[in-house]
Amino acid sequence: MPSFNRMPHVRAELSKLNHTRVVAGVPVGDSYLQMVASVNETGKIITAKRSWLTIPTAAAGTRKAGDIPGLFKPKGKNILAVANGDQLTVMFYLKKSVTIPTRPFIRWTVAHKRSVWRRIAVQGVSGIIRGTETADGVLAKLGRTATNDIRMTIRDMADPANAPVTVERKGSNNPLMDTGKLIKSITWTKEGM
């Protein structure tokens with residue numbers, strides 16, 4: 001009768017699992033999204049480099065100040081507007097600085113989902129020992145789960161709320177959702193073996 005000693009295979013899989021880590025979040029290669037994530041994780045006061053920050057209104061949409069013909073600053077007002085007959089349409093509010101509050105979507109997810117991820121790892125080790133799982137399979141399950149958990153946090157985080165002008169421009173009060181680029185970027189990778 002042939003011998004089926006699985007211990008060398010089990011040891012190799014457990015070693016691979018032990019020497020590899022799953023990293024989930026915003027891709028390292030996207031400096032803009034890294035900045036967005038960092039600002040939201042820690043909060044930040046953004047100060048104008050020149051005279052003013054231009055905060056767009058719903059009327060400005062995604063346009064920049066230089067894209068709007070006839071834009072001017074009315075005397076004594078901290079706005080940029082266009083004339084609309086005898087009325088003004090406010091396109092931008094002018095601010096010396098804005099405060100982005102802390103919205104730690106990654107740290108919150110880690111703090112609240114760590115036990116779920118630990119349970120997946122423990123079940124994965126049991127599966128490796130039984131021969132029903134591989135290290136790569138366990139790591140992939142952890143990566144997919146962490147990615148989905150971070151995305152759900154981004155989708156569901158509502159506090160602190162957006163500023164009223166931001167709600168008006170975006171049409172919603174989901175602080176971490178605007179274009180969808182951040183939530184779509186969340187991914188995972190393996191580091192180590």
Side-chain angles (χ1 to χ4, degrees), residues 22-74 77-85 87-117 143-189:
V22 169
V23 179
V26 177
V28 174
D30 191 324
S31 60
Y32 174 75
L33 286 176
Q34 283 287 319
M35 179 273 301
V36 168
S38 176
V39 165
N40 279 287
E41 279 291 316
T42 61
K44 186 167 180 78
I45 296 173
I46 300 172
T47 305
K49 290 179 183 171
R50 295 186 188 137
S51 301
W52 301 98
L53 294 171
T54 53
I55 312 302
T57 65
T62 60
R63 295 178 290 177
K64 297 185 183 310
D67 298 337
I68 301 172
L71 193 65
F72 70 100
K73 182 183 182 296
K77 304 283 184 190
N78 289 339
I79 61 170
L80 293 178
V82 292
N84 188 6
Q87 301 287 317
L88 292 179
T89 300
V90 177
M91 303 301 276
F92 298 92
Y93 294 103
L94 301 175
K95 299 276 210 169
K96 293 288 184 183
S97 67
V98 294
T99 300
I100 308 297
T102 302
R103 296 183 178 109
F105 63 97
I106 293 175
R107 287 181 292 152
W108 188 96
T109 305
V110 170
H112 289 85
K113 297 296 184 174
R114 180 178 280 135
S115 63
V116 172
W117 302 340
R144 287 190 309 268
T145 302
T147 296
N148 289 332
D149 289 342
I150 294 168
R151 287 177 179 164
M152 286 190 294
T153 301
I154 290 170
R155 184 196 68 202
D156 296 342
M157 188 172 275
D159 189 47
N162 282 319
V165 67
T166 305
V167 173
E168 176 193 354
R169 181 186 57 77
K170 286 172 49 173
S172 74
N173 189 25
N174 187 324
L176 295 172
M177 295 284 290
D178 189 6
T179 64
K181 190 172 181 182
L182 177 64
I183 196 169
K184 289 175 190 168
S185 79
I186 303 300
T187 190
W188 70 276
T189 189

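Throughout, residue positions are numbered sequentially from 1 according to the sequence presented.
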Are more than 12 heavy atoms from other residues, nucleotides or ligands located less than 6.0 Å from atom OH of Tyr32?
-> no
Nearest-0.5 Å distance, CH2 of residue Trp108 to CG of residue Asp156 = 8.0 Å
Of the non-hydrogen atoms in Pro175 and Arg103, which two are nearest, and what is the gap between them?
-> CB-NE, 3.0 Å
Shortest non-hydrogen contact from Ala58 to Glu168?
-> CB-O, 3.6 Å
At their closest point, which heavy atom of Met157 faces which heavy atom of Leu176, and how far apart are they?
-> SD-CD1, 3.7 Å
Can you tell me if Arg63 uses its side chain to pair, donor with acceptor, with the backbone of Ala60 under 3.5 Å?
-> yes
Between Ile154 and Asn174, what is the shortest heavy-atom contact and its length?
-> O-OD1, 3.5 Å
The reported gap from CG in Leu53 to OG1 in Thr47 (rounded to nearest 0.5 angstrom) is 7.5 Å
Taking the side chain as every heavy atom from C-beta outward, state whether Ile79 and Tyr93 have any atom pair closer than 4.5 Å.
-> yes
Measure the CE-CD1 distance between Met177 and Ile183 for me, rounded to the nearest 0.5 Å.
-> 4.5 Å
Can you check whether Ile150's main-chain N or O pairs, donor with acceptor, with Lys113's side chain at less than 3.5 Å?
-> no
Nearest 0.5 Å, what's the CD1-CG distance between Ile106 and Asn40?
-> 10.0 Å
Any idea which heavy atoms bring Ala81 and Leu88 closest together, and the distance?
-> CB-CB, 4.2 Å
Cation-pi, Trp52 ring and Lys95 (6.0 angstrom, 45 degrees) = no
How many angstroms lie between CZ in Phe92 and CD1 in Ile68, if you round to the nearest 0.5 Å?
-> 4.0 Å
Which heavy atom of Leu80 sits nearest a heavy atom of Ala65, and at what distance?
-> CD1-CB, 4.2 Å
Going by the side-chain hydrogen bond (donor to acceptor under 3.5 Å, both in side chains) test, name the single residue among Asp149, Thr145, Thr109 that passes it with Trp117.
-> Asp149
So, Glu41 side chain and Thr102 main chain: donor-acceptor pair closer than 3.5 Å or not?
-> no
May I ask you to check whether over 12 heavy atoms, not counting those of Lys77, lie within 6.0 Å of atom NZ?
-> no
Has Lys96 got more than 12 heavy atoms of other residues, nucleotides or ligands less than 6.0 Å from its NZ?
-> yes
Looking at OG1 of Thr54 and CE of Met91, how far apart are the two atoms once the value is rounded to the nearest 0.5 Å?
-> 11.5 Å
How about Leu182 and Val26: do any of their side-chain heavy atoms sit closer than 4.5 Å?
-> yes
Does Gln34 use its side chain to pair, donor to acceptor, with the backbone of Gly29 at less than 3.5 Å?
-> no
Evaluate side-chain contact (heavy atoms from CB on, under 4.5 Å) for Asp178 paired with Arg169, printing each intermediate quantity in order.
-> CA-CA 10 Å; Asp178 189 6; Arg169 181 186 57 77; 3.5 Å; yes
Is the number of heavy atoms from other residues, nucleotides or ligands under 6.0 Å of Lys44 NZ greater than 12?
-> no
